[in-house]
Amino acid sequence: MSTARAMDDETFLAFIRNSVATYDLETLEKAVKTLNDNIASRRWGKPPGLEVGSHVAAVDFDGIFGWYGTVIRMTGQGCIIEPPSAKYTQRISFKKYIVRVVDEFEWNRACMAAGEHAREFAEQKAREDTELEADREDAIKDRARAAEDPKNMLAINGGINIYRGAFVHAFAPTTILTTMGW
Amino acid sequence: MTPKAFYLSSPESTWTHRIVTAKHEIGLLSDAEWQIVDAELRRRRAEYEVAEKAGKTADLVDYSRVKIPLH
């Protein structure tokens, strides 16, 4: 038991039960949030041995988002991690994530999976770029024939005849974005 | 092309832009005008690739709001 306590556990709970009805709803909601944060921090907070350089797995309390990464900086209520095979960092709060220090075996598997994912992504991107380039060349090659059968569409500045391969300037007044292409 | 939109591809980027006609002012460029635009878009792409290698893409101009002078 902490020596800083103003009352023992039973007295504290009795105090809450007896006085809770007299406080504003907003105050009680803030109190609940503070209690939840404190419980989460004490139950799942900073794991022992966590330091800069540790390899961790962090999963949010809903179990939906998860990250593997190396701790590159400690902050007051969390840490900053760098996922494997990534150029970005991720902020991890001990109040929102269950943080676990992983062993070398699990970390190596995470690195291998991330490397494989990055390689597959790069291959897919290169394949899509090649397909897009071929599609562009095809559109330009056939533009004269496509121009004979244009499609009439209504733009802000009136009707336009669009066809595949047409050189187009598009301007969006609401966002002031200019796009050019074919 | 769809009834209300079409997709634009350009040498500036490796993705396509969906253009909803009802939200855009649209003009068709002549071959001569496109030569100017094409050269500028390729220059921007080259500029981006150089900046990407140097890790300085944040310093680049936001060209989405810069018109290309056609004359």
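Lettering of chains follows the sequences in order, A, B, ..., and the numbering in each one begins at 1.
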Steps toward side chain to side chain contact (heavy atoms under 4.5 Å, CB included) verdict (B/D31, A/R143): CA-CA 12 Å; B/D31 285 7; A/R143 67 189 298 266; 3.3 Å; yes
Step-by-step side chain to side chain contact (heavy atoms under 4.5 Å, CB included) determination, A/K151 to B/F6: CA-CA 11 Å; A/K151 193 171 187 176; B/F6 55 86; over 6 Å; no
Exceeds 12 heavy-atom contacts within 6.0 angstrom, atom CD of A/Q77: no
Crowding at CD, A/E120 (>12 non-hydrogen neighbours, <6.0 Å): yes
Flag if over 12 foreign heavy atoms under 6.0 Å of CE, A/M112: no
Exceeds 12 heavy-atom contacts within 6.0 angstrom, atom CG of A/D149: no
Heavy atoms from other residues, nucleotides or ligands near CZ of A/R73 exceed 12 (cutoff 6.0 Å): no
Non-hydrogen atoms of B/A22 and A/I156 that approach each other most closely: O-CG1, 3.3 Å
Separation of B/Y7 OH from A/D135 CG (nearest 0.5 Å): 13.0 Å
Portion of A/I160 that has a non-hydrogen atom of chain B nearer than 4.5 angstrom: side chain
For A/A155 against B/H24, the heavy-atom pair lying closest together: CB-O, 3.4 Å
CZ/B/R43: more than 12 non-hydrogen atoms of other groups inside 6.0 Å: yes
For A/F167, the option from B/L28, B/L29, B/V37 that meets side chain to side chain contact (heavy atoms under 4.5 Å, CB included): B/L29
Over all atoms of both residues, closest heavy-atom pair of B/T21 and A/L154: OG1-O, 3.3 Å
Residue list, side chain to side chain contact (heavy atoms under 4.5 Å, CB included) with B/K4, at least two apart or on another chain: none
Inter-residue atom distance A/I162.CD1 - B/I19.CD1, 0.5 Å rounding: 9.5 Å
